[in-house]
Each structure stands twice: as structure tokens, then as C-alpha cells.
Protein chains: 2
Amino acid sequence: MRVYADNNATTKVDEAVVEAMKPYFSEMYGNPNSLHKFGSETHKGVATAIDQIYSGIGATDDDDVVFTSCATESNNWVIKSVWLDQIKNGEKNHIITSEVEHPATLSACKYLEREFDVKVTYLPVNSEGTIEAHTLKDFVTEKTALVSIMLANNETGIIFPIKEMVEIAHQKGALFHTDGVQAIGKIPVDVQDLGVDFFSMSAHKFHGPKGIGALYIKSGVSLSPLFHGGSQMGGLRSGTLNVPYMVGMGKAMELAVKSFPKMNVEVRRLRDKIEKALLELPDTFVVGKENRTPNTILISIRGVEGEGMLWDLDKKFGIAAATGSACASEDLEANPVLEAIGADEDLAHTAIRISLSRYTTEEEADYLISSFKDAVIRLRGISSSYATVQAQNEAYSHK
Amino acid sequence: MRVYADNNATTKVDEAVVEAMKPYFSEMYGNPNSLHKFGSETHKGVATAIDQIYSGIGATDDDDVVFTSCATESNNWVIKSVWLDQIKNGEKNHIITSEVEHPATLSACKYLEREFDVKVTYLPVNSEGTIEAHTLKDFVTEKTALVSIMLANNETGIIFPIKEMVEIAHQKGALFHTDGVQAIGKIPVDVQDLGVDFFSMSAHKFHGPKGIGALYIKSGVSLSPLFHGGSQMGGLRSGTLNVPYMVGMGKAMELAVKSFPKMNVEVRRLRDKIEKALLELPDTFVVGKENRTPNTILISIRGVEGEGMLWDLDKKFGIAAATGSACASEDLEANPVLEAIGADEDLAHTAIRISLSRYTTEEEADYLISSFKDAVIRLRGISSSYATVQAQNEAYSHK
């Protein structure tokens with residue numbers, strides 16, 4: 001049996017999405033910008049895709065939704081172009097983000113610090129793994145150009161109070177960007193209700209293809225382009241339109257919204273079942289029990305190195321999980337969210353992320369539980385550090 | 001009958017490319033950066049794709065080939081990052097390009113002029129539609145950071161003397177970028193022989209998918225990233241790898257190289273046949289008869305508006321052609337290459353580009369010839385400007 005429990009890293013493309021894309025490779029292959037039927041026959045697919053995205057996130061007709069190649073592009077675009085528009089060519093000098101953002105946001109901010117002396121504030125998360133909205137009040141000023149804080153964290157699934165933070169940022173005249181990559185299909189998303197100026201998406205996190213994302217831009221908010229060129233997408237993002245993937249992303253969005261009740265009930269039940277079972281193991285901890293996306297568990301297992309655990313799950317049981325973001329997985333470092341929360345270093349190296357999808361079955365959940373428990377018992381049996389922990393515990397209990 | 005003769009705008013995805021991509025959507029869908037088998041089982045496809053690109057352009061193992069989302073990204077990346085590395089953080093202040101580059105190059109250069117006061121020289125083409133290498137000598141100095149000149153022009157197919165220009169640029173210590181988008185599969189490409197530092201590619205110009213490109217970076221040449229994030233592609237281009245399209249681009253490159261003999265003999269023969277037949281019409285002109293890609297014709301038909309001609313070919317005959325770059329086709333402007341060549345304004349509005357592919361058949365070529373002639377005769381019949389031209393010609397011949 002093989003179980004894919006790493007859906008926060010990427011997802012299987014839905015068969016219906018593959019079907020929707022297919023005609024746009026070798027049948028309707030014209031360039032949508034061309035002035036002939038081979039070009040214009042792609043327009044219906046493109047228009048449907050755009051409608052599906054608008055409708056999926058609750059955008060109005062006056063807003064812009066621009067397709068990009070990934071959320072890394074969307075995040076880089078917002079951060080670097082707000083720098084250009086509001087800092088280089090404006091009166092502002094400050095950006096606020098959080099310590100637990102995706103590397104795309106953190107690295108873009110660090111680039112601006114390094115190259116252009118932009119002042120960046122990195123808000124920490126509290127011991128619950130969240131950022132309380134009022135924290136923002138202490139940092140946002142009239143000089144703040146942008147606040148960029150994610151909607152749902154990729155590692156813990158914790159949902160941040162974006163709506164409240166948007167109000168605080170707007171009171172000081174700062175723009176607000178949220179990286180919504182982990183939210184689509186997992187929680188209801190309504191950009192109007194959130195009030196954000198920018199919202200980043202990535203199709204491959206909700207059963208669409210890798211290599212396409214989008215950026216929502218609120219009506220009335222301007223943003224310089226990141227790519228200059230043939231003025232596609234109203235000049236906001238040049239480059240020949242990736243028609244098949246646009247169609248695929250639209251379809252994936254439609255399916256994600258349609259599947260939300262299943263995600264919220266069935267997937268949540270499986271997640272809770274797995275979590276409850278794993279927490280029966282002694283010395284295990286889950287980050288952020290409340291207010292999380294319904295598919296995610298970040299669990300720490302004292303005495304078990306995360307990488308060793310991944311290896312066992314993968315090689316012995318055919319189960320795919322993660323120690324953290326796939327975008328940082330080549331470095332065997334402590335989990336940055338656990339570090340931000342303030343976990344001790346030993347514990348930060350023992351985090352395992354399990355992330356389910358609408359394809360996860362009861363059978364897979366049961367197999368995951370039994371395999372996971374087996375692996376923990378085996379690895380703790382050979383772990384000198386866990387032997388020390390146990391000895392200490394025993395000593396305490398005999399006091 | 002329908003004939004697609006706009007292959008310089010975009011191409012049909014080869015069925016073998018679609019087949020190659022298919023397993024990477026819903027079967028091998030893991031994130032290549034993930035530390036489990038769902039991730040690692042994609043590595044073989046990715047490695048094959050990389051090999052196919054290296055081999056297709058003659059790169060060495062020490063060079064870098066980085067996948068991007070399109071050539072617009074590749075061109076923007078080179079120009080903006082050379083600015084960062086060599087101008088902002090260096091001693092240089094100057095970029096050289098040509099007046100007939102793709103909008104991605106021209107607009108990126110104009111952005112640097114506008115925002116950062118970079119000095120940009122736009123080399124003109126001569127009356128033959130080309131740039132002679134020695135022209136560059138008069139403009140490149142020790143302060144020149146980058147020369148960016150395309151290998152083959154998208155509108156005329158004319159091949160520029162890049163190898164000679166690279167030598168001139170390198171003598172003055174300038175880096176050299178060539179936009180090779182229109183070259184792949186149409187002329188032999190060997191980046192080592194050309195000597196360029198950067199080479200941009202786009203899969204959808206050679207029967208791969210839209211939405212993926214690449215940038216070749218010569219060994220020993222450094223380039224800051226355009227996207228910051230999860231450090232994929234050795235930190236050069238962050239963002240989850242678009243595995244299906246990488247596999248597709250690799251396959252498309254392999255097929256393009258394999259099909260080159262056909263392109264060079266069969267497609268060239270069809271192109272020459274069409275061109276010869278159309279030039280039998282009076283008052284028609286072709287730009288750049290020598291040293292062109294074998295699939296392209298840019299023909300001017302005095303007295304016939306390019307857009308009217310396109311409309312007739314499309315609506316009456318089902319033939320797709322272009323007036324110029326699809327990336328500029330929404331503006332009904334004079335053809336910029338013809339303008340650069342110095343054609344009079346009337347003529348610059350009459351340009352039609354016909355671009356064939358390895359799928360173009362003899363039957364399609366014959367149908368194109370007869371339809372094109374019909375359309376020209378009909379449109380000239382209702383053209384007041386052409387009546388004037390004829391009357392003038394007649395007056396001269398009776399002198």
C-alpha cells in the first residue's frame with residue numbers, strides 16, 4: 001500500500017482537470033493574442049477559467065485576477081513591485097511580514113533589506129503558533145508600505161486573523177497581501193470579506209497542475225508588473241498565456257470549492273482520528289489544535305529525528321509525509337515554525353507534517369496510524385536521546 | 001480546410017510531447033524536492049528533460065540550464081539581474097540591444113531606463129533587415145554591462161551574426177545574451193560555438209507547451225535570481241518545479257533537433273514555393289531573402305492593409321497568419337521591423353507573416369498560395385490606395 005500524506009507540499013492533479021486541459025495542447029493550440037480563429041477559439045476556455053477563479057475566491061468584476069507561473073512569482077511580484085511603487089517611487093520605507101511565511105515571501109523581503117535598505121519587521125508567532133491581530137498595531141506606521149501575512153500556515157495549518165489585521169493595516173494606509181496558497185479548498189475564502197489588496201494562489205496545492213498560480217489585485221489598487229513584455233493580462237503580466245494550465249487551474253478551483261464540505265467534514269474527521277491515535281503515544285505534541293485547516297497535523301515526537309521518521313515511513317511503509325515545507329526540505333534543519341513557537345531544539349528536530357486531501361481514504365488513515373506507531377516504537381527503541389528522556393521521566397515519577 | 005501558418009507565434013504541441021507529460025499529472029505527481037518516493041520518482045523524468053535541453057543546444061555539464069515560465073521571464077531575468085549585478089552593484093552603466101527585439105527585451109530595457117537611468121542603445125537594422133556585427137564596435141565600451149540581441153528575428157526569420165558580435169562584446173568585457181526563441185529546431189544551435197553567456201528558449205515555439213521556457217547560463221557566469229524563495233534550481237529560480245512541462249519541453253527539444261533536417265529541406269522547399277508564387281503578384285516585397293530561418297516569410301503587399309488581409313485569410317479561407325508578433329498583435333500598428341528597416345509607412349501597414357512548421361503539408365501550401373492570391377486580388381480591387389499606385393505605375397510606363 002502507498003499513502004500520500006504530503007498534500008501541503010503538492011497534490012495529485014484531478015483527472016477532471018487533466019481532461020479539461022487536454023484539448024488545449026494539440027487541438028486548440030493557437031495563441032490567444034492572435035487575430036485569427038486558431039487564437040480566438042481558445043478564448044472560451046480562458047474566460048471560463050477566469051470566471052472559475054473569480055467565483056472561487058469571491059472577487060468582483062472590477063478586481064483583477066492575473067495568472068502567474070506559481071505563488072513564488074505572485075509573492076515576489078507583490079513584494080518587489082510594492083517596493084518600486086510605494087518605497088522607491090513613494091514616501092514609505094517599511095514592510096511587515098511574519099517569521100513563519102513561506103520562503104518566497106521571506107527571501108523576497110530579505111532581498112529588499114539587503115539590496116535597497118528597506119526596513120522589514122518579522123512578526124513572531126506566539127506559543128500557540130499564531131499571530132494575534134493586535135500585535136500588528138505595535139508595528140504598523142504611516143511609513144509601512146505593505147503587510148504580507150499568510151492566511152493559513154503551510155506547516156501547522158493554523159489560520160491567521162487576516163481580516164482583523166487588514167483593518168489595522170488599512171487604518172495606517174498600508175497595503176495588505178496574504179499568501180492564500182494553503183487556504184484554497186480547505187477553508188472558505190472570500191477576498192472581499194477579508195478585505196485584502198493582494199491574494200496569492202497556486203494551482204498545484206488544490207489538485208491543479210504545478211507551474212501555474214495567480215494573483216488577485218483588489219479594484220483600485222495598482223501594481224507595477226514584474227515581467228515587462230508583450231502586455232498580456234492588461235500589461236500586468238507579459239508572456240504567452242499558458243492556456244491549458246489556466247483552464248486546468250480554473251477547473252481545479254471549481255472542484256476545490258465544490259469539495260469543501262467533504263474537506264471540512266470527512267477529511268477533518270480522518271485528520272482528527274489520526275491525530276487522536278498518534279497522541280496516544282507518550283511524549284508527542286501537536287501544534288495549534290484550534291483554528292486550523294482541516295487536513296493538517298504537525299506533530300512532534302520526542303526522541304525521534306524527523307528525517308529518520310520520514311525515512312522509515314517512506315521506505316518501510318510507502319507513506320509520504322514531510323518534516324516541513326518542501327521548499328526547504330533539502331536542508332536538514334530544525335522546523336522553522338516550531339523554532340518560531342519557541343520549542344526546544346530537540347523537539348524542533350522531531351516534527352512530522354501529515355497533510356491529507358479529499359482523496360485520503362479511511363483505509364489509508366488506518367494504515368497510516370498503525371505504521372506511524374510502529375515506526376515511533378522502533379525508532380525510540382534505538383534512540384539514545386529518548387532513553388535519556390525516559391530515564392528522567394522515571395526518576396521524576398519515583399521521587 | 002484549415003491551415004495554421006502562424007508557427008512563429010505558437011505551435012501545436014506534438015502528440016509525443018503530450019504523451020510524455022501525461023504520467024506526471026496524476027501518477028507521478030510528487031514534489032521533486034520532497035524527501036520520499038512520491039517526490040524522487042519524478043527525478044528520472046526531470047533528469048532526462050535536462051539532458052535533452054543540454055544536448056539540444058550543445059551546453060556542457062558545467063553550464064547551467066534553468067527552467068523558467070517563458071522566454072519573457074528568461075529575457076526579463078537576464079536584463080534585470082545583469083542590471084543588479086553589474087550596474088547597481090558594479091561599475092557599468094550601459095546596455096545595448098536592437099530596435100527589432102521581442103517586446104520582452106525592449107520593455108525590460110525601457111523599464112531600466114525609466115526607473116534606474118540606465119543608458120540603453122537600440123541598434124537599428126539596415127535595409128536588409130539585419131545588423132552587421134561591426135556596427136556593434138561603435139557602441140560597446142568598457143561601461144557596457146550587457147549586449148542583448150536575438151539570434152533569429154521573429155518577424156522576418158533573419159539570422160543575426162551573434163558569434164561575431166559576442167567576440168566584439170567580450171573584448172570590451174560585456175556579457176552577451178541572445179534571445180534564441182525563434183532559432184530552436186529551425187537552425188542548428190550550439191551555445192558553445194556562439195559563445196553567448198545567456199540564451200533564452202521557449203518550449204511553445206517548437207511544439208512544446210506554452211508556459212515553460214529556459215535560460216542557459218554559461219559556466220563561470222553568475223546571475224542573481226529574479227524570484228527569491230525555496231531555492232529550487234540551485235537557488236537560481238525558486239518555485240515548485242513544473243515537472244510535466246519540463247518533461248514536455250525536453251521531449252519537444254529532442255524532436256525539434258531530430259526534425260531539423262526535415263525543417264531545413266522539406267519545410268524550406270514549401271516556404272520557397274509559397275514565396276515564389278506570392279512574389280508573382282505585382283508590387284509585393286519580401287524582407288531578407290538570404291540567411292533566414294527556413295519556415296518564415298514576411299511579405300508586403302502594396303495596397304492591402306495587413307489586418308484586412310488577415311481577416312480575409314481567416315474568415316474566408318480558414319488560414320491563420322499574422323501581421324507581426326502575437327505579443328503586439330492587439331495594437332493595429334505598423335510592423336515594427338518594416339519600420340526599422342525604413343519601409344514607407346504605407347508599406348509597413350501591409351506586412352503579412354507566414355510561418356510554417358514541420359506539420360505543414362504540400363496540400364496546405366498549395367491552398368495557401370491560391371487563397372492568398374485570391375484575397376490580394378479581391379482586396380486590391382476595393383482598395384483606393386492601390387488604384388492610385390496602379391495609375392502612377394501606368395503613367396510611368398507610358399512616359
Side-chain angles (χ1 to χ4, degrees), chain A residues 4 6 9-13 15 18 25-26 29-31 33-39 69-70 72-73 75-76 84 88 102-104 107-108 110-111 115 204 209-212 227-232 238-245 307 310 314 318 320-323 325-330, chain B residues 4 6 9-13 15 18 25-26 29-31 33-39 69-70 72-73 75-76 84 88 102-104 107-108 110-111 115 204 209-212 227-232 238-245 307 310 314 318 320-323 325-330:
Chain A
Y4 187 71
D6 196 11
T10 194
T11 58
K12 175 179 168 171
V13 181
E15 299 283 359
V18 178
F25 289 118
S26 308
Y29 54 82
N31 188 323
N33 277 51
S34 292
L35 300 168
H36 48 61
K37 189 153 184 290
F38 284 86
S69 65
C70 53
T72 291
E73 180 184 334
N75 291 354
N76 271 262
L84 183 77
K88 177 182 172 291
H102 187 272
S107 304
K110 281 174 187 152
Y111 161 80
E115 293 294 342
H204 77 98
K210 295 168 184 55
I212 186 160
F227 294 179
H228 296 83
S231 294
Q232 284 89 349
S238 295
T240 297
L241 301 191
N242 183 349
V243 179
Y245 273 18
E307 279 75 26
L310 272 198
D314 181 38
T323 49
S325 165
C327 291
S329 66
E330 285 179 344
Chain B
Y4 186 71
D6 196 11
T10 194
T11 58
K12 175 178 167 172
V13 181
E15 298 284 358
V18 178
F25 289 118
S26 307
Y29 55 82
N31 188 323
N33 279 49
S34 292
L35 301 168
H36 48 61
K37 189 154 184 289
F38 284 86
S69 65
C70 52
T72 291
E73 180 184 334
N75 291 354
N76 271 263
L84 182 78
K88 176 182 173 290
H102 186 273
S107 305
K110 281 174 185 150
Y111 161 80
E115 293 294 342
H204 78 97
K210 295 169 183 56
I212 186 158
F227 294 179
H228 295 84
S231 296
Q232 285 88 350
S238 294
T240 296
L241 302 191
N242 183 350
V243 179
Y245 274 18
E307 279 75 25
L310 271 199
D314 181 38
T323 49
S325 164
C327 291
S329 66
E330 284 178 345

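By convention in this document, chain letters (A, B, ...) are assigned in the order of the sequence lines, proteins followed by strands, and residues within each chain are numbered from 1.
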query = Quick one: does A:His228's side chain get under 4.5 Å of B:Asn76's, heavy atoms only?
reply = yes
request  = Please tell me if the side chains of B:Thr240 and A:His204 come closer than 4.5 Å, counting only heavy atoms from C-beta onward.
outcome  =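 Yes, their side chains come closer than 4.5 Å.
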task = Verify side-chain contact (heavy atoms from CB on, under 4.5 Å) between A:Phe227 and B:Ser69, making sure each step is shown before the conclusion.
result = CA-CA 11 Å; A:Phe227 294 179; B:Ser69 65; 3.9 Å; yes
task = Look at the rings of B:Tyr4 and A:His36 and say which category their plane angle falls in: under 30° parallel, 30 to 60° tilted, over 60° perpendicular.
result = perpendicular
Side chain from CB out, backbone as N, CA, C, O: work out which of these in [X] comes under 4.5 Å of a heavy atom of chain A, or both, or neither.
X	answer
B:Ile212	neither
B:Lys88	side chain
B:Asn242	both

message = As an exercise: rank B:Pro209, B:Gly30, B:Ala108 by heavy-atom pairs under 4.5 Å with chain A and give me the winner.
response =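 The residue among B:Pro209, B:Gly30, B:Ala108 with the greatest pair count is B:Gly30.
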ask   = For chain A, which of B:Ala321, B:Ser26, B:Gly211, B:Gly39 has the most heavy-atom pairs under 4.5 Å?
value = B:Ser26
What is the minimum heavy-atom distance between [X] and [Y], and which atoms define it?
X	Y	result
B:Thr10	A:Tyr29	CG2-O, 3.3 Å
A:Asp6	B:Ser34	OD2-OG, 3.4 Å
B:Asp314	A:Leu35	OD2-O, 4.2 Å

inquiry  = Tell me if a side-chain donor or acceptor on A:Thr72 pairs with a main-chain N or O of B:Ser238 at a distance below 3.5 Å.
reply    = no
